[in-house]
Colleague: 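Please find one structure pasted underneath; my questions will follow.
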Amino acid sequence: MRHTHEGDDGSGTTGRLEALVREKLAERIGDDLARSIGRGEEFHDLGIDSLDIVTVLAALERECAVDRIVDAELWDVAHSVDALVRHLSERGGAFPERA
């Protein structure tokens with residue numbers, strides 16, 4: 001099942017950012033879980049720990065050229081797929097060009 005923001009058909013920037021978030025999550029937690037997580041589901045409720053989230057967030061921030069957050073903000077900006085997409089969108093990160 002594909003989870004998107006209301007009004008986003010998945011082909012816009014939000015959809016592309018969500019795909020990137022799920023790709024980076026999959027590298028840590030596996031494809032099946034990364035694809036099945038609802039956009040608003042809390043990572044900690046699924047047993048995804050802070051080390052996984054720090055690793056995923058660092059990769060996303062690096063790839064999208066977004067400034068790093070401070071550790072104290074981790075669960076405020078990275079508690080769900082939706083929160084990560086919003087964080088990257090709000091920070092105005094450049095979407096990486098793919099070959």
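The model shown is predicted, which means the values in this text are computed figures rather than measured ones. Sequential numbering from 1 along the given sequence is applied to the chain's residues.
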Colleague: Excluding sequence neighbours, so at least two apart, what forms salt bridge (charged side-chain N to carboxylate O under 4.0 Å, His left out) with E27?
Modeller: K24
Colleague: Within this structure, what is the CD-OG distance for the pair E18 and S89, rounded to the nearest 0.5 Å?
Modeller: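 Between E18 CD and S89 OG, I get 10.5 Å after rounding to 0.5 Å.
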Colleague: To the nearest 0.5 Å, what is the distance between CD (E41) and OG (S36)?
Modeller: 7.0 Å
Colleague: Could you tell me whether the side chain of R68 and the main chain of E61 form a donor-acceptor pair under 3.5 Å?
Modeller: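 A pair under 3.5 Å: no.
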Colleague: Looking at F43 and V81, what are the two nearest heavy atoms and their distance?
Modeller: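 Looks like CZ-N, 3.4 Å.
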Colleague: Restricting to non-hydrogen atoms, name the atom on E63 and the atom on L20 that form the minimum distance, rounded to 0.1 Å.
Modeller: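 Distance-wise, the nearest heavy atoms are OE2-CD1, 3.6 Å.
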Colleague: If the condition is salt bridge (charged side-chain N to carboxylate O under 4.0 Å, His left out), which residues does D52 pass it with, not counting sequence neighbours?
Modeller: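 If we apply the salt bridge (charged side-chain N to carboxylate O under 4.0 Å, His left out) test to D52, skipping adjacent residues, the hits are R28.
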Colleague: Measure the spacing between CD1 of I29 and CG of D49 and express it to the nearest 0.5 Å.
Modeller: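 If we round to the nearest 0.5 Å, I29:CD1 and D49:CG are 10.5 Å apart.
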Colleague: Measuring from atom CG of L57 to atom CD of E73, what distance do you get when rounded to the nearest 0.5 angstrom?
Modeller: 10.0 Å
Colleague: Stepwise, does the side-chain contact (heavy atoms from CB on, under 4.5 Å) test hold for I37 with I48?
Modeller: CA-CA 11 Å; I37 297 172; I48 300 170; 3.9 Å; yes
Colleague: I need the R86 CZ to L17 CG distance, nearest 0.5 Å.
Modeller: 12.5 Å
Colleague: Within the 4.5 Å heavy-atom criterion, are H87 and L60 side-chain neighbours or not?
Modeller: no
Colleague: Take S50 and W75, measure what side-chain contact (heavy atoms from CB on, under 4.5 Å) needs, and give me the verdict at the end.
Modeller: CA-CA 8 Å; S50 59; W75 290 111; 3.8 Å; yes
Colleague: Kindly indicate whether the side chain of L74, heavy atoms from C-beta on, has any atom under 4.5 Å from the side chain of V54.
Modeller: yes
Colleague: Nearest 0.5 Å please: distance from the CZ atom of R39 over to the CZ atom of R22.
Modeller: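 With rounding to 0.5 Å, CZ (R39) is 7.5 Å from CZ (R22).
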